[in-house]
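Inspection log for the structure reproduced underneath, given as structure tokens.
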Amino acid sequence: MGPDGWTIAIDGPAGSGKSTVAKALARRLGYLYIDSGAMYRCVTLAALRRGVDFGDPEALAAVARSCDMRLEPVPAGLKVFLDGEEVENLLRTPDISRRTSAYTANSRGVREALVVRQREWGARGGVVMEGRDIGTVVFPGADLKVYFDVAVEERTRRRVLDYASRGIERTPEEVRADIERRDAEDKGRPVGALVRAPDAVLVRGDGKDVETILAEILGLLPAGGPGSR
Ligand code: DC
């Protein structure tokens, strides 16, 4: 436990709804919420804007090291700024998802640069950080590690609805194929792969509402009462 409270790592595959759960948990505890996936996506956006060659991992790493990325916690979650511009709603397009998974997240240099920032943000504890490698690489000593999983059918349904709510029309078949490809990429990455840490607790979200999942996770917290920022 750091001076500001516990460090909570939540890892799991794409489209599981873990952001919603992690955000709600952070709000409940009064903790900082960090979406590490948004950081990888932000590097992709910065690289697109700079016209970088996505086949060049070192060029992507240079972008990660030099881009002006700022995260600002707000009651509803997190705002992401790139070069002073709020970009959160530009980060969740199919193109950014695909490039991030296939290129940005595979660059060792990108990962090294982002892990440094993630550790800085989490240095005082009092943080809920979600991603793929938080419990394994970023905070191997986290006070609580959750591996959050949901069946691919349910993840597909959620993602189709999420896209539709943002005016992006995609068929369930396309979305499922995307999710399966991303699972394979996430799990097969040479660095920072999605894997359940031996000491991570498996929490399944299938068919459960956020409150139920939240109660399950709160019940896993070490005794002694939550610290608060
Ligand atoms: O959680 P997300 O779907 O927004 O993540 C975007 C991409 O970044 C996804 O392809 C996996 C990758 N990622 C990663 O490699 N490591 C993390 N800690 C978080 C995300």
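This structure is a prediction, so every number in the text was calculated from the model and none was measured. In listed order, ligands and their atoms are each counted from 1.
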>> Could you tell me if Tyr33 and Arg27 have a donor-acceptor pair between their side chains, going purely by distance under 3.5 Å?
In response: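 No.
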> Have Arg181 and Ser101 got a donor and an acceptor in their side chains that come within less than 3.5 Å?
Replying inline: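 No, because no side-chain N or O of Arg181 sits under 3.5 Å from a partner of the opposite role on Ser101.
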Could you go through ligand 1 and list every pair where one of its N or O atoms sits under 3.5 Å from a protein N or O, giving the atom names and the distance to one decimal?
| residue | atom | partner | partner atom | Å |
| --- | --- | --- | --- | --- |
| ligand 1 | 1 (O) | Arg132 | NH1 | 2.9 |
| ligand 1 | 1 (O) | Arg132 | NH2 | 3.4 |
| ligand 1 | 3 (O) | Arg41 | NH2 | 3.1 |
| ligand 1 | 3 (O) | Arg132 | NH2 | 3.1 |
| ligand 1 | 3 (O) | Arg182 | NH1 | 3.2 |
| ligand 1 | 4 (O) | Arg41 | NE | 2.7 |
| ligand 1 | 4 (O) | Arg41 | NH2 | 3.3 |
| ligand 1 | 15 (O) | Arg111 | NH1 | 2.8 |
| ligand 1 | 15 (O) | Arg111 | NH2 | 3.3 |
| ligand 1 | 16 (N) | Arg111 | NH2 | 2.9 |
| ligand 1 | 18 (N) | Ser36 | OG | 3.0 |
| ligand 1 | 18 (N) | Arg132 | N | 3.2 |
| ligand 1 | 18 (N) | Asp133 | OD1 | 2.8 |

Under the rule for side-chain hydrogen bond (donor to acceptor under 3.5 Å, both in side chains), what residues qualify as partners of [X], not counting sequence neighbours?
X      : result
Ser16  : none
Arg157 : none
Gln118 : none

> In terms of heavy-atom contacts, does OH of Tyr103 have more than 12 from other residues, nucleotides or ligands at under 6.0 Å?
Replying inline: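 Incorrect, the count does not exceed 12.
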